Amino acid sequence: MEGISFEHPKRGEFALIETIRRHAAASAMVPVGIGDDCAVVNAPGGQMVITTDLVNEGVHFKLDDPLRKVGWKAAAVSFSDVAAMGLRPEVLLCAAALPGRLTMDDAREIFLGVNDACREFGVALAGGDTTSCRGGLSLCTTVLAYARDLRPVLRSGAKPGDAIVVTGSLGGSILGRHLDVRPRVEEAVALNSHFELHAMIDVSDGLSADLNHILEESSVGAVIDADRVPVSDAAREFSEQTRKTPLQHALTDGEDFELLFTMPPGEAQRLIERPPFATPLTVIGSITAAGLSIRIGDKTEPFEPGGYEHFVE
Ligand code: ADP
Ligand code: MG
């Protein structure tokens, strides 16, 4: 890109995005651009949100994974980004780069998977692109949704004193759940409809990395209660094959696609007492003025967020 220097003291995906963001052309039509799960775009009579994602062979799935699940995943991860705005995904465009080794039956499986996800979540498949490619299979999904009578929930609204809440349980998605992504669409819309949410993100990079995105966008800090983090069975199982504890997996593994959000403590209490859905909800800590720390027993210590980041080994 002419006139843009990509030199940055930090390397990795997040630093690269920061550089792109700093130089990005802006428009009054886009009140929220780079830095949230979706961009918010002003539309006649209201606002819409839009997001795009790539799902790549060798990075987001393996060569021998079932292709129908790969198609499902590609659509579902973008639906999850719309859910992270507290909205319901409505329209999908899906572009596919298909390597020559795939048969027509393989391609059919992929698009059956995309369609499965669209039907399950009431999303229209409205277009896309289909090309051959020399590299691995790659799927790009772009999803849009109208805000209608709901406000898009941003990453930037967290306030000191807020409770931090997460849906479901976390960690070990690599053992299988990363292909069977269940975007928390119904939960997100119910939360946004009936509760005061200050900030929200979906857990794609890992709980602590994604919490850190909220902290950076909101210019706040947080304390996580280690004892309260909902550790999944998969995280426990996975920890038997790694040198990490189940808690470490829950804090840093990517692709959980749970919702992580902050709200006033009174609202959190109201939510926990009368949850509007059966999906588990856990208060895992609170927002502070600055810094990230973790409370283990009666000790609180600084905590370095970690998770999955592209371009970092
Ligand atoms: P998510 O995990 O929610 O999909 P990402 O971590 O992929 O979000 O991206 C973070 C933010 O950076 C998003 O707002 C996204 O739109 C933006 N972004 C990522 N890559 C690019 C790019 N190549 N050009 C412009 N914006 C980008
Ligand atoms: Mg996201």
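All values below were derived from every heavy atom in this structure, side-chain atoms included, with hydrogens, water molecules and symmetry-related copies excluded. Order of appearance sets the numbers: ligands from 1, and atoms from 1 within every ligand. If you're wondering where the values come from, they're calculated on a predicted model, not measured in any experiment. For the single chain, residues carry numbers from 1 onward in sequence order.
- Contacts between D53 and ligand 1, counted as non-hydrogen atom pairs separated by less than 4.0 Å, involve the side chain only.
- Side-chain atoms of E187 and T167 include no donor-acceptor pair closer than 3.5 Å.
- I34 CD1, 3.6 Å is the protein heavy atom nearest to atom 25 (C) of ligand 1.
- For atom 4 (O) of ligand 1, the nearest protein heavy atom (residue, atom name, distance) is D81 OD2, 3.0 Å.
- When only interatomic distances are considered, the shortest N/O to N/O separation between G35 and ligand 1 falls below 3.5 Å.
- Looking only at its N/O/S atoms, D81 has OD1 as the one nearest to the Mg ion (ligand 2).
- Using a 4.0 angstrom heavy-atom cutoff, E13 counts as in contact with ligand 1.
- A salt bridge is absent between E18 and R21: the closest approach of a Lys/Arg side-chain nitrogen to an acidic carboxylate oxygen does not fall below 4.0 angstrom.
- With ligand atoms numbered from 1 in the order given, ligand 1 contributes 3 (O) to contacts under 4.0 Å with heavy atoms of D37.
- Inclusion of D210 in the first shell of the Mg ion (ligand 2) is not supported: no N, O or S atom falls under 2.8 Å.
- The protein heavy-atom contact nearest to atom 24 (N) of ligand 1 is I20 CG2, 3.7 Å.
- Counting only heavy atoms of the protein, atom 16 (O) of ligand 1 lies nearest to D36 O, 4.6 Å.
- We find the CD1-CD1 distance between I284 and I164 to be 6.0 Å, quoted to the nearest 0.5 Å.
- With hydrophobic clusters built from ILVMFWY side chains whose heavy atoms lie under 4.5 angstrom apart, V203 does not share a cluster with F261.
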Verify salt bridge (charged side-chain N to carboxylate O under 4.0 Å, His left out) between R270 and E267, making sure each step is shown before the conclusion.
CA-CA 5 Å; R270 191 167 73 86; E267 279 291 272; 3.0 Å; yes
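- No side-chain donor-acceptor contact under 3.5 Å links S232 and S169.
- Paired with E258 under the rule salt bridge (Lys or Arg N to Asp or Glu O under 4.0 Å), one option of R177, R184, R182 passes, and it is R184.
- Note that the CG atom of L251 and the CG atom of D253 stand 9.5 Å from one another [nearest 0.5 Å].
- Residue, atom and distance of the protein heavy atom nearest to atom 19 (C) of ligand 1 are I17 CD1, 3.5 Å.
- Salt-bridge annotation for D105 and R108: absent, with no side-chain N of the basic residue lying under 4.0 Å from a carboxylate O of the acidic one.
- The presence of a protein heavy atom under 4.0 Å from atom 14 (O) of ligand 1 is confirmed.
- Of the polar atoms of D205, none of the N or O atoms is found under 3.5 Å from an N or O of ligand 1, judged by distance alone.
- In this structure, CG on L92 lies 7.5 Å from OG1 on T142, to the nearest 0.5 angstrom.
- Under a 4.0 Å criterion applied to the non-hydrogen atoms of S204, ligand 1 contributes the atoms 2 (O).
- Nearest N, O or S atom of D202 to the Mg ion (ligand 2): atom OD1.
- At least one heavy atom of R155 sits under 4.0 Å from some atom of ligand 1.
- Restricting D37 to its N, O or S atoms, the one at the least distance from the Mg ion (ligand 2) is OD1.
- With 3.5 Å as the limit, one finds no donor-acceptor pair spanning the side chains of D81 and S78.
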